[in-house]
Q: 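After the structure tokens below, expect a handful of questions from me.
Each chain gets a letter, A, B and so on, in the order its sequence line appears, and its residues count up from 1. Computed from a predicted model, the values in this text were never measured in an experiment. Below, all heavy atoms of this structure are taken into account, side chains as well, without hydrogens, waters or symmetry copies.
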Amino acid sequence: MLSIQFIREHADVVRQALAARRTEAPLDEVLRLDSERRRLLQEVESLRAEQNAAGKRIGAAKDSDERKRMIAALKDVSARIDDLEPALKDIDDQLQARLMEIPNLPDPATPEGADETGNAIVRQSGEPGALDFPAKPHWELGEALGIIDFERGARLAGSRFYVLRGAGARLERALITMMLDLHTARHGYTELYLPAVVKEECMWASGQLPKFADNLYHDVEDDFWLVPTAEVPLTNIHRDEILEGVALPLSYVAYTPCFRREKMSAGRDVRGIKRGHQFDKVELYKFTRPEESEEALQQMVGHAEAVVRELGLTHRVVQICTGDLGFNAAKTYDLEVWSPATGEWYEVSSVSNCTDFQARRANVRFRRETGARPEFVHTLNGSGTALPRVVAALLENYQRPDGSVELPPALIPYMGGLALIEPDV
RNA sequence: GGAGGGAUCGCAUAGUGGUCUAGUGCGGCCGCCUGCUAAGCGGUUACCUCGGGAAACCGGGGUCAUGGGUUCGAAUCCCAUUCCCUCCGCCA
């Protein structure tokens, strides 16, 4: 969420930034509610000051007649407070609700654009090309090899679910372990094991609610919300804390399953494992000082790239434009890998600097030094990486004419020495 | 699932309706003293918000897990919720 003080003092800047996002935000209503709130607040607070001062005199008074007279006189003040308070609370609730609907402001370096066609290719490694023979898509390869079973996935949980079997299941596990090892050993992240369900307030703090309620699975009975990404629990892990400046930056990596209803994407990417209701992801997350977040963002993109480089996949980094930016982000880079079978770039990671937007919602602050005023940290998140599209890209890029699939050297130790996936007879 | 106990200023505790502007100890910070120590002495010690001010700061309001209620007035009384602990039951 944005600071109300900032909106109040820089309404034009905010208006312009939100226009760049192609977002309708209730800015005028926020400004109106804010001034109304402050007017009411001052009235209520001066009444309370009166009440407090008189209450103190009553406490000190001994004579009971005098006392009774003072109490009677104060009832009028109390009544007026009782009258105004509900109105103040109502205005305040409305203001908070509107503020929670306003997205983050784009970083000035974010390119201007209306939609994904405005995104900018930052760099590319390898050339997107075809194989020497007709390439099969991963869903055909996976089924033929007996490592991806869509039919039984649907039997268990419906469409957009699948079962991994044998080397396929092992590949999933190998990738998770390889990524966690890479980020902990080489990039300095601390590994966390997290709950895959969270309370509603976590969804608000990380910016999933109220905008993306449609995309979330929610258990009504216990009010559990299934995480659509580990970003949610990670954002909340230091909620309401004041961190020590010397402890920053904090770098976390966590593997979790992710659950998404994909209501908005009905009919899109229905074949294969590109878009499922449940998928695995290794998530990178940082809490930094404000002045360090840009550098951290660049590093994190590099950390995600290291994964696909290890796997030998042709990839590119794309900077997201203002119109395509996510709700929480000020600046985002996507990492995409090439699929020779479908002629598409698969998005396997999205790395964002959320500046103080989530920190304000989750109330995560830090002190530069003892005695200093707390300031909001900056938060950054990035996939490092999402699994299914990496699996798809591996199968499609390393397939051989006979339908078997080679494994890149970096994965072989994690596959128990297996270097080639062949049909399981 | 059942029974009970608890949540107070970094930590530990005191506080059962008005002098609580929440006390004390420890820790932290600042200073002083001492040519002996992890010694002694004094001071200080949170956060949010509104208003004023260029600022240092000043004034108001709020926060004793959270949200309601009773009352002129709530850390204190009542209700609900959350979390923690103990015991019983069940169980990977």
Side-chain angles (χ1 to χ4, degrees), chain A residues 1-10 30-100 193-205 209 218-225 233 236-248 257 356-377:
Chain A
M1 130 173 107
L2 304 178
S3 146
I4 183 63
Q5 289 92 339
F6 185 85
I7 295 176
R8 193 186 298 149
E9 286 159 24
H10 305 92
V30 162
L31 291 168
R32 183 184 65 76
L33 287 166
D34 175 52
S35 73
E36 177 66 8
R37 187 188 83 95
R38 281 185 297 157
R39 192 186 64 74
L40 264 173
L41 187 67
Q42 281 173 39
E43 203 174 337
V44 168
E45 287 187 351
S46 65
L47 284 169
R48 264 210 270 263
E50 192 182 335
Q51 187 182 53
N52 288 343
K56 215 159 272 184
R57 287 197 296 274
I58 292 172
K62 303 224 167 58
D63 174 68
S64 68
D65 282 346
E66 173 73 358
R67 216 180 147 93
K68 275 178 186 156
R69 198 185 53 74
M70 287 161 86
I71 288 172
L74 246 194
K75 284 197 182 187
D76 182 51
V77 174
S78 289
R80 280 201 287 159
I81 291 173
D82 286 348
D83 210 37
L84 290 174
E85 259 189 336
L88 177 62
K89 188 181 176 338
D90 182 55
I91 296 270
D92 201 32
D93 288 349
Q94 283 185 56
L95 177 61
Q96 288 307 313
R98 294 288 89 76
L99 277 174
M100 291 298 252
Y193 173 82
L194 300 163
V197 299
V198 295
K199 300 190 224 182
E200 182 179 328
E201 59 203 277
C202 295
M203 290 295 185
W204 284 92
L209 288 175
H218 175 213
D219 167 59
V220 180
E221 194 170 0
D222 291 315
D223 198 28
F224 280 146
W225 296 71
N236 283 276
I237 201 157
H238 293 300
R239 199 175 65 219
D240 295 323
E241 287 186 37
I242 299 176
L243 305 166
E244 287 193 45
V246 291
L248 299 178
D356 61 358
F357 185 83
Q358 287 177 322
R360 188 170 277 112
R361 289 170 90 104
N363 193 27
V364 184
R365 293 171 293 170
F366 78 105
R367 250 187 257 277
R368 287 183 187 275
E369 54 208 51
T370 37
R373 239 181 112 81
E375 298 171 53
F376 288 110
V377 298

Q: Quote, to the nearest angstrom, the C1' distance that separates B:U86 from B:A14.
A: 25 Å
Q: Is the closest side-chain heavy-atom distance between A:Asp356 and A:Val377 below 4.5 Å?
A: no
Q: For B:G67 and B:C9, measure between their P atoms and round to the nearest Å.
A: 16 Å
Q: Specify the separation, in whole Å, of atom CD of A:Gln96 and atom P of B:C48.
A: 15 Å
Q: Could you work out the separation of B:G6 and B:A65 based on their C1' atoms and round it to a whole Å?
A: 11 Å
Q: May I ask you to say what A:Arg367 touches in the nucleic acid, namely base, sugar-phosphate or nothing, with a heavy-atom cut-off under 4.0 Å?
A: sugar-phosphate
Q: Using the P atom as the point on both nucleotides, what is the distance between B:G15 and B:U82, in whole Å?
A: 29 Å
Q: Using a cut-off of strictly less than 4.0 Å, decide whether A:Gln42 has a side-chain nitrogen or oxygen near OP1 or OP2 of B:U49.
A: no
Q: Which part of the nucleic acid, if any, lies within reach of A:Gln5 when heavy atoms closer than 4.0 Å are counted: base, sugar-phosphate only, or nothing?
A: sugar-phosphate
Q: More than 12 heavy atoms of other residues, nucleotides or ligands under 6.0 Å from CD of A:Glu244: yes or no?
A: no
Q: Excluding sequence neighbours, so at least two apart, what forms ring pair (Phe, Tyr, Trp, His ring centres under 6.0 Å) with A:Phe6?
A: A:His10
Q: Scan every strand shown for a Watson-Crick or G-U wobble partner of B:G18, both distances under 3.5 Å, and answer none if you come up empty.
A: B:C72
Q: Under a 4.0 Å threshold between the charged nitrogen and the carboxylate oxygen, would A:Arg39 count as salt-bridged to A:Glu36?
A: yes
Q: What's the gap between B:U44 and B:A22 when it is taken at their P atoms, as a whole Å value?
A: 15 Å
Q: Which whole-number value in Å describes the distance from A:Glu369 CD to B:G28 C1'?
A: 15 Å
Q: Sort out the partner of B:C32 for me: Watson-Crick or G-U wobble, both distances under 3.5 Å, none otherwise.
A: B:G40
Q: Over all strands shown, is A:Arg69 touching base, sugar-phosphate only, or nothing at heavy-atom distances under 4.0 angstrom?
A: nothing
Q: Using atom P of each nucleotide, how far apart are B:G42 and B:A55 to the nearest Å?
A: 38 Å
Q: Just verifying a value: how many Å separate A:Glu45 CD and A:Leu40 CG, rounded to the nearest 0.5 Å?
A: 11.0 Å
Q: Can you work out whether A:Lys56 or A:Pro374 has the more 5'-proximal nearest nucleotide on RNA chain B?
A: A:Lys56
Q: Looking only at atom C1', what distance separates B:A74 and B:U16, rounded to whole Å?
A: 11 Å
Q: Need the pair for B:G25. Rule: Watson-Crick or G-U wobble, both distances under 3.5 Å, any strand; none if unpaired.
A: B:C11
Q: Taking the side chain as everything from C-beta on, heavy atoms only, tell me whether A:Lys68 gets closer than 4.5 Å to A:Ile71.
A: no
Q: Tell me: CD1 of A:Ile91 to C1' of B:C50, nearest whole Å?
A: 16 Å
Q: Can you tell me, in whole Å, how much space there is between the P of B:C64 and that of B:G69?
A: 15 Å
Q: Tell me whether the OP1 or OP2 atom of B:C47 has a side-chain N or O from A:Arg373 closer than 4.0 Å.
A: no
Q: Summarise how protein sits on nucleotides 61-84 of chain B as a single string, 5' to 3': B when a protein heavy atom is under 4.0 Å from the base, S for sugar-phosphate-only contact, - for no contact.
A: SS-----S---BS--------S--
Q: Apply the test side-chain contact (heavy atoms from CB on, under 4.5 Å) to residues A:Val77 and A:Leu74: give CA-CA distance (whole Å), side-chain angles for both, the deciding distance (0.1 Å), then the verdict.
A: CA-CA 5 Å; A:Val77 174; A:Leu74 246 194; 3.9 Å; yes
Q: What integer distance in Å separates A:Glu43:CD from B:G51:C1'?
A: 15 Å
Q: Can you tell me the Watson-Crick or wobble partner of B:U81, both distances under 3.5 angstrom?
A: B:A65
Q: Once you round it to whole Å, what is the distance between C1' of B:C48 and CZ of A:Arg365?
A: 8 Å
Q: In Watson-Crick or G-U wobble terms, both distances under 3.5 Å, what is the partner of B:A3?
A: B:U86
Q: Can you tell me how far C1' of B:G10 sits from CD of A:Glu241, to the nearest Å?
A: 13 Å
Q: In whole angstrom, what separates A:Leu33's CG from B:C50's P?
A: 15 Å
Q: In this structure, how many angstroms lie between the P atom of B:A46 and the CZ atom of A:Phe366, rounded?
A: 19 Å
Q: Between B:C50 and A:Arg8, is there an OP1 or OP2 to side-chain N/O distance shorter than 4.0 Å?
A: yes
Q: Return yes if some donor-acceptor pair links the side-chain N/O of A:Arg239 with the main-chain N/O of A:Asn363 below 3.5 Å, else return no.
A: no
Q: Using the salt bridge (Lys or Arg N to Asp or Glu O under 4.0 Å) rule, collect all pairs that involve residues 86-97 of chain A, keeping only residues at least two apart or in two chains.
A: A:Arg37-A:Asp92, A:Lys89-A:Asp93
